[in-house]
Amino acid sequence: MMSFRDPIDKRSPARRFRDRDYSARAQANAGSEPRDPFWWSAVLATRAAFAARPGAKLISVPLDGGSLSVSADGGWRASTPLPDDVAVQLDLYLPYCLSHPRGLAVAHIGQSLDGRIATENGESRWITGEADLLHCHRMRALADAVLVGARTVRADDPQLTVRRCAGDNPYRVVIDPELSLTGRHGVFRDGAAPTLVIAAREHGDRQGEAHGCEILGVPRVGGTLDVSAIRTALGDRGLSIVFVEGGGITISHFLEAGCLHRLQITVAPIIIGSGGPGVAFPGLPLDRALRPRIRRFDLGGDTLFDCDFDA
């Protein structure tokens, strides 16, 4: 069984992440259908197999005329040799297909070299490139739920659906403590996927609806919603794998509360100078600084740092 090529050495060279079968030009054309590389169907099948058999020790799915065997402890083996770039992409995505009995919360940030996710006037589309955007859609396809804060919905009006690759739309979760959002946003109008609004308990206790969406009330802790309670409430609803997609404040709250298992930071080779920070919470002394296990991947001209806090 081939193990994941997942070196602990933070200085290891970045692995090349190339989609030779993916056409960015075709994806950009209005109305074009996704053109996925052959290995993506095997990744989706792996995710579905482990979801259907959470106690399975080993599953096998078709892969390009052969098979892909994936073990519950994170090893994988293909029945036929694979190009290096395909193997690297399996390394990246297969860990998110496994069974996670305690649930899995993974966040993603796209930022500049100087740690900015937006300019001073709020411009953020797009700091990272096409490859990172495709990566986010793939992560949505592997998640049970994609979660964002009210500021992200207000600023970007995101769809939070899977469009650039094959895969089912995840549940959409919006954290809106005071129910401040209006019904004009697409997540409340398009009907593309179920949407759940998380609010402060005094709003959720009425078991009402916000723009046609169910409200889930959770308690406050120190002026913000209890992130641990959010994770528990989503898990109780069967939303085990949660992809926290934004924004920086929401992701920082999850990280500060110790409720992130993994954090993906994609760094674009640009310097903005000032603007919104990616991660920001009360500083820690160096001897208590977070030191996750790191995997690095090239996403076109950007670099993805996949940080594992459970290692």
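We number each residue from 1, following the sequence as shown.
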Looking at Asp168, I'd like to know if its CG atom is crowded, meaning that more than 12 non-hydrogen atoms belonging to other residues, nucleotides or ligands lie closer than 6.0 Å.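 12 or below, so no.
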Would you check if there is a donor-acceptor pair between the side chains of Arg262 and Tyr96 at a distance under 3.5 Å?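 There is such a pair (donor and acceptor under 3.5 Å, judged by atom type) between the side chains of Tyr96 and Arg262.
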With distance as the sole criterion, is a donor-acceptor pair present between the side chains of Thr128 and Asp302 under 3.5 Å?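 Not at all, the side chains of Thr128 and Asp302 share no donor-acceptor pair under 3.5 Å.
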Report yes if some heavy atom in the side chain of [X] is under 4.5 Å from a heavy atom in the side chain of [Y]; otherwise report no.
X	Y	value
Ile230	Leu147	yes
Leu255	Leu290	yes
Arg102	His261	yes

Between Ile127 and Ala268 the two heavy atoms that sit nearest each other are O-CB, 3.3 Å
Asp306 and side chain to side chain donor-acceptor pair (under 3.5 Å): which single residue from His108, Arg295, Arg296 fits? Arg295
Spell out, yes or no, whether Leu68 and Phe38 are grouped together once hydrophobic residues are joined by side-chain heavy atoms under 4.5 Å, including indirect joins. yes
Quick check for you: to the nearest 0.5 Å, what is the distance between Asp132 atom CG and Ile265 atom CD1? 11.5 Å
At what distance, to the nearest 0.5 angstrom, does CG of Leu216 lie from CG of Leu196?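 Interatomic distance, Leu216 CG to Leu196 CG, rounded to 0.5 Å: 5.5 Å.
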With side chain to side chain contact (heavy atoms under 4.5 Å, CB included) as the test, would you mind laying out the steps for Asp91 and Trp76 before giving the verdict? CA-CA 9 Å; Asp91 285 346; Trp76 65 267; 3.0 Å; yes
I want to know whether Tyr93 and His135 have ring centres closer than 6.0 Å. yes
